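Step one of this worksheet: look at the structure below.
Keep in mind the model is a prediction, meaning the values are calculated, not measured. In the text below, chain A, chain B and the rest are named by the order of the sequence lines, each starting its count at 1.
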Amino acid sequence: MIVPFAHVLVVSAVMFVLGLGAVLLRRNLILILIGVEIMLNGVGLALVGASALWQRADGQVLVVFLMALTAAEVAISLAMVVAMKRRKGSLDADVFRDLRG
Amino acid sequence: MANLLYLLLLLPLVGGLVNALVGMRLSRRLSGGLAVAAVGAAAALCLWLYWLADGQGTRVSLLAWLESADLRVGFGLLFDRLSAPMALMVTAVSTLIHLYALGYMRAEADHARFFALLNLFVFAMLCIVLADNLALLFLGWEGVGFCSYGLIGYWYREPKNADAGKKAFLVTRVGDVFLAVALLWLFASLGTLDIDALNARAGALAPAALTGISLLLLGGAVGKSAQLPLMTWLPDAMAGPTPVSALIHAATMVTAGVYLLCRLFPLVSLSAAGLQAIALVGALTAFYGATCALRQREIKRVLAYSTMSQVGFMFLAVGVGAASGAMFHLLTHAFFKALLFMAAGCVIALAGHENDITRMGGLRRKSPLVFWSFLAGALCLAGVPLTGGFFSKDAILLAAFSRGDAFHWSVYGLGALTALLTALYTFRLVYLVFAGEARGGEHPAGHAGHDQPLPRVMRWTLPPLAALGLAGGLLNLPAGWPMAGLLDGWLGPLGGAEVRASHALELTLMGVATALVLVGWLLARRWYARFRPPAQGGLDRFLLRGWMADRAYAWLWVKPYLAVGWLLHRGVDERLIDGGLDGAARGIGRGGRLVAAWATGRLSSYLTALALGLGAMLAYFLVRQWAGG
Amino acid sequence: MAHFHADFPWLLALCAFPLLGALACLALRRSDAACRVAGLVVSLVVLGVCGWLFVLLGGPRGTGWLLHEDLAWIPRLGARLTLGLDGLSLVLVLLTACLVVVGVLVSWRREKRAVPLFYALLLTLESGILGVFLSLDLLLFYLFWEIMLIPMFFLIGIWGHERRVYAAVKFFLFTLAGSLLMLLAILGVYLAHGHQTGEYTFALAALQNTILPAGWAPWLYAAFLLAFAVKVPLVPLHTWLPDAHTEAPTAGSVILAGLLLKTGVYGLIRFGFPLFPGPARDSLPWLAALGLAGLFWGAWVAFRQQDAKRLVAYSSVSHMGLVVLGLAVATPIACEGSFLQMLNHGLSTGALFALVGMIAERAGTRRLDELGGLWARAPVLAGFFLFFALAAMGLPGLNNFAGEFLVLVGAFRAEPWLGALGAAGMVFAAAYMLRLMQGVLWGPPRSAEPWRDLSLREGLVLAPLAVLVLWLGTHPATFQDPFRELARVLAASLGGAGGAP
Amino acid sequence: MSLAELFSLLPVLVLAGASLLVLMLGLWLKHLPSLVALGVAACAAAGALAVLVPPEVMEVGGMFSAARYARFFLVLWAGVVAWTLLSSVRYAAARRFQPGEWVSLLLFAGAGMALLSAATSLVGMFLGLEAFTLVLYILIAFHRGSAAGTEAGLKYLVLGVTATAVLAFGVALVYASAGTFHLPEAMAGVAGDSPLRPLGLLGWGMLLVAIGFKVSLVPFHLWTPDVYQGAPAPVAGLLAAGSKGAMFSAVVGLLAGIGLGLRDLTPVLWALSGLSMLLGTLAALRQENVKRMLAYSSVVHMGFVLMGLLDAGPEGQEAVVFYLVFYALVSLGAFGVLTAFSGEEGEPQQLAAFRGAGYRHPFLAAALAVFMLALAGVPPTGGFMAKLGVFAAAIRAGHLPLALVGVLASLVSLVYYLKLVIAMYMSAEGAPPSGSPLHRGTRLEAACVGVCLLGVLLLGLAPGALLDWIGSLL
């Protein structure tokens, strides 16, 4: 391996944590989705690293699946964002508060 | 012979059931007549059985009642030398009282219920008398309790009467508990409830058990015979119609206790302490009854306390070992006390439904027949020489005196004093009711036109009882008299210990008794011949209300019972158990609201929850990794 | 028993038949009258079958099964449809059939709301109770045990009076709490048996001789005991009873008092004691104490009640306390007495509840201070009320006394002070029953116009019960024969190691 | 992916293919009933194929198995989808759902669930899970007219996406520790001796979090009430019956291979199960909204299912599978009744709307009452047998305290299940507030509910047949 797996793991973990931080702290829905994308990219990196560690290709195959999946998610998320904007006029995730208790 | 015996028992039962089930549809004359016929036939049958049996006891058993493992109890009857005279007395007196009731109850609408209960009462009483085992006796015992409850509370529209009935039932039931425990103890130790077997095997019991059982039997008898300490119900029981008082609270039910002790006398007599307790209770109650009777204002309450006192004498007789003396007094007392009650019924009717003797007077002229029969009864009650009452009471005092030790002498002394008081209150009664002018004061309009003549049947049932009462002494004349000791001979071994007293002692005691009666009569004549308004002193009120027994019991038993009831009901059931559970439920509900509030509806809090969960999970695994290894 | 064609599952049919009746009622929901008739016919048929079984098998019997059926049910769990009828369950099944007919007749005119549902629930209840008395497979028993709850919950909840919902939920929760713990105990025994013998089964016969791990047996027994104690009810767990009784419609009260309380005691006898003989013996002193406490507690609080139904409900607590006392002293006479007392209590208290229902229907109230003067306004009804009140008070010659006397004799023989205290209970019983009679019968009538006296239908309910009460009072042997041997064996098994305290 | 492998995956392909076909048809054919008929036919075909045609090769592409276990669940999920399609015809038409999209999305969700249940590798599980989750995002917000639908969709989406990310990272870590995605071997990473054990454990932790979210176990359950309340009733039914069931069927496969590793997980599973049972019951107690109450009740029931998983032996898995089948039936039934009751202006959600329903809608109300008693676990309904199996599993695994918590939870849960029954039968005579009077419900809906009712009662009285079938699967 050109880079020791531990380093790859650390970078992907950092990306994962940053993404999670964005999801938790940000209010705007689009930025939350971006945070999720960062987390997923971190996962992709970890997978590639693991596949290199074990010298097997199925890790990378899963990364390709992952990308396709992320694309589908983004499509649906943006559709949700548009619907939310039309209904509530704001993108703040907490603006929806009718269902509770 | 056997099925005749059953007929004796079944006649009143059938009479009672017919009246109970279809009585309302029958006319008054028919249902009353049926009741009288039933009891009359029973009396006649009893006489014929008497003649058939000519002295031998017959035992017969019809149906098995309770059977389980070694407990064998059935509907068995025993017609022997003790139960025969008792059965005859019960049926005879009942017949007369039923006749009397025909007249007394002529104005009542609900006659069927009255005659049904009266017949059922006679059936229950015969169960007690003829039972060959204690279980059947107990059935009669409680049956009598229920019938007296029903009859006392006959005029139920008046809550006071219903409460009097309830009080009677409850107080007697306390006594029944003692009897029940005695039953259980006897069965547990001797393995049978058959009366003859019990008397035979009584020797096998340990002294302590014997005393215990005797005291329990005493407890049972005390309840039913209204002796100390369970006597408070008898005066209130006068709320019932007069025939009821005559039958139940003079002749039969109150003597059931005495009969029980006589029936089990062989067993009871083995425990000296038991006998002494019985004697003591008898004497004390006699004294208590006599003192209270002195100050009573209602005619029936005077007679009630007098009954209590006379039954006390019977207990005294059993206590000193003279069971035949007790039976002798029981028989004579039944006659003259029933007479007095029935006469009192006539007196009340004559005085326009006035109960209070201080507002009567001068009835002698109104109905000489009632006066003379009431006087005859009074003479017997007071113990005027040569009357039935005199001989039976004297026999008891003789038996008590002749035992010859300190305890018995003191008991004799108390008995003598009571005899004096008895004479005093009896003649007080006679003077206040019959002597002087009518003090009735103005009668409420309703009653004025009421005094049409007493129905013949009420008046003509009195003389036979008067005769029986006066001639009662012949039953058991003391030794040395012609035809002496008929009853002693008849009862033989059942009659208890032989009374050995010298002829001289007998005569002296008779003299003392006569003197006491004389003193009592003179005192009564001085105080009550000319009417004076009743004294209102502290002692008078104390005696009037029966030594404040009711208030003492209310404070001693009723109040704590209600307090504990309140504690269990409000305290434990509602506040502790239900309160606790409802509280827990509310707590869980509040917890629920708290947890539900966690779902705030805001997406950010949901994400935070997810993140926290993730953090906790990873932390757990890290810790496990390092710690667990 | 020869002419029984053995292959036909009589007992299962007996349990299932009321269910079919219930479905028929739902099918006939268009007309109320049809449902009433269907309810009556079905319950009468069940009564007929039970009566015929009693006549056929009712003589003095050994301890074997009179009828026994064993059909496959869930092979994978090892649960089978095993139903058995022995002396005790024969008598209780007859009582069930009898009281359900009373229940149907008593609510003939009164229940006007959703009548088809009412009779369907009543018949389902009967099927549940019959199942409880007959099943010998622990899972089947538990199934019927809970099936009993649902109809009673609806009966109280829909046709009850003011606080019916609170009472219904309280009833359901109390019983379910106990029975869920029993479910865990059943599973505990089931798994322990399976672990030992490799063969997983719920059959009572098989599970009876499981050697339970030392620490477990008392806890498992405690779970069973709790479930049954709630039902009996033993004293601290009894507060659901007055609410359930007061709020239930008359038919509900009759069946609740007459039958459901017996399922608790029956469960203890059929499952509790045989499965855990050791802990059962150790628990006897506690049972005796609780029984005695119940006897006094029920009577004491009954005395203070203002509502006639609550008074009779608390009297049931007192009577069942005596039944448990009879079992706990473990002498043959006492056990026989408590079996008999179960039957007696069912009849006399069932009749009392029916009567209180009839009176409340006429007077429009159940409060003692508003009733009174019944004798003046409906003498025949009052006569019956007096008769059954005396029976419930234990007047000798009527049915309760027979059972009480046997229990007290047995108790005294085992432990004198226990018997004596039990006898003292008679005064307390008299106290509250007299208060009931004073409140209802005597006193001035509230208004002049008389109520309609006993109707034919009500007479049809009360007269047979009165005859039964008298029969049991004067010659209980006919009903005691079937379970005499069972009582002796139970006493021996309980009393084996030194018996009662 | 040889032809043989494709052939053994045929039933799932039939579903997926039909979904695409309906999507295309939907452009021209706007007639909902015929599309629903087509969808149901597809499901029937898939089911028939799964049962009748034996697969040639047991494992497809190392990711999905075609064994009896997978086929059983395929039949189940096909049945669930077909049932949802049939019971929501009137509901969808009333709300002018796009027929083509509605049917195709449901079919695709069915295919996704079948794939998830058949997963034998982490990748297979990941794909199956994501396949039907994406579809659910859309289905939840399908009713454009309702703001609640959008809000529910949004919440489910954001949380779902985050959970997917966590799941993916977990899969990556497990893959890193074990070197393979194939399940039995992938678990080796967690074994005591392997050097990368910490990675494996962390990976497992993340998997559990994602699973926890998907089956709404307590700390991750907060979305459940809002989504159930917002989503259309048929979709909520599918969510309760299908998605959670499919996830757990995969978890059964997941845990079957773990063997030794269970020792590490037991405390976590124990905690998750206990918390779900207790907090779920508490939260449901005070709910006035029926759908929110059913949501919290699903949290409790998932806690019970998890309790069954603690027993590693086959009996535990049998109990779990039985529970899943029962829970699918009862959820579909309950939500089916809500669908039948919902009229033009919306679904009856408040308890008050159900007052007196017992007498006006005898059959539907009685069915709902039986479903409530089934959820409470009272015999003679299937709920009792399910709880029996799960309790037995817990006791056999030695977790008596957890079983006691289960007893406490099911006792307290009785209260809120009975609240609905009381409203329907025991409340005062008064008609419900003007709000949304309950709709009569068409015969088709009544038939669907009847099927569930029969199923629940049959599972209660004679569960023998199903138990044997499940026994033969494992």
On a heavy-atom basis, which atom in R292(D) and which in A599(B) lie closest, and how many Å separate them? NH2-CB, 4.2 Å
Over all atoms of both residues, closest heavy-atom pair of S605(B) and L222(D): O-CD1, 4.4 Å
Any side-chain heavy-atom pair of L202(D) and L622(B) under 4.5 Å: yes
How far does OG1 of T162(D) sit from CG of L603(B), to the nearest 0.5 angstrom? 8.0 Å
Working note: L278(D) + V595(B), criterion side chain to side chain contact (heavy atoms under 4.5 Å, CB included); need CA distance, chi angles, decisive distance, verdict. CA-CA 10 Å; L278(D) 278 186; V595(B) 173; over 6 Å; no
Taking every non-hydrogen atom, the tightest pair across F621(B) and V268(D): CZ-CG2, 4.2 Å
Spell out, as yes or no, whether a donor-acceptor pair under 3.5 Å connects the side chain of K155(D) to the backbone of R602(B). no
Mind listing the closest non-hydrogen atom pair of A609(B) and P219(D) along with its distance? CB-O, 3.8 Å
Taking the side chain as C-beta and beyond, is there a heavy-atom pair between F213(D) and L614(B) under 4.5 Å? no
Nearest 0.5 angstrom please: M617(B) CE to F220(D) CZ, how far? 4.5 Å
Do R593(B) and L282(D) come close enough that some side-chain heavy atom pair is under 4.5 Å? no
Point-to-point distance, once rounded to the nearest 0.5 Å, from CG of L610(B) to CG of L159(D): 6.5 Å
In terms of heavy-atom contacts, A596(B) and Q287(D) come closest through CB-NE2, 3.8 Å
Among the options L285(D), V166(D), L201(D), V209(D), pick out the one with the most heavy-atom pairs lying under 4.5 Å from chain B. L201(D)
Is V412(D) in contact with chain B via its backbone, its side chain, both, or neither, using a 4.5 Å heavy-atom distance? side chain
CG-CZ distance between L594(B) and R286(D), expressed to the nearest 0.5 angstrom: 12.0 Å
Might you confirm whether atom OH of Y154(B) has over 12 heavy atoms from other residues, nucleotides or ligands at distances under 6.0 Å? yes
Engaged part of Y620(B) at the chain D interface, taking heavy atoms whose separation is under 4.5 Å: side chain
4.5 Å side-chain heavy-atom contact, H221(D) and W598(B): yes
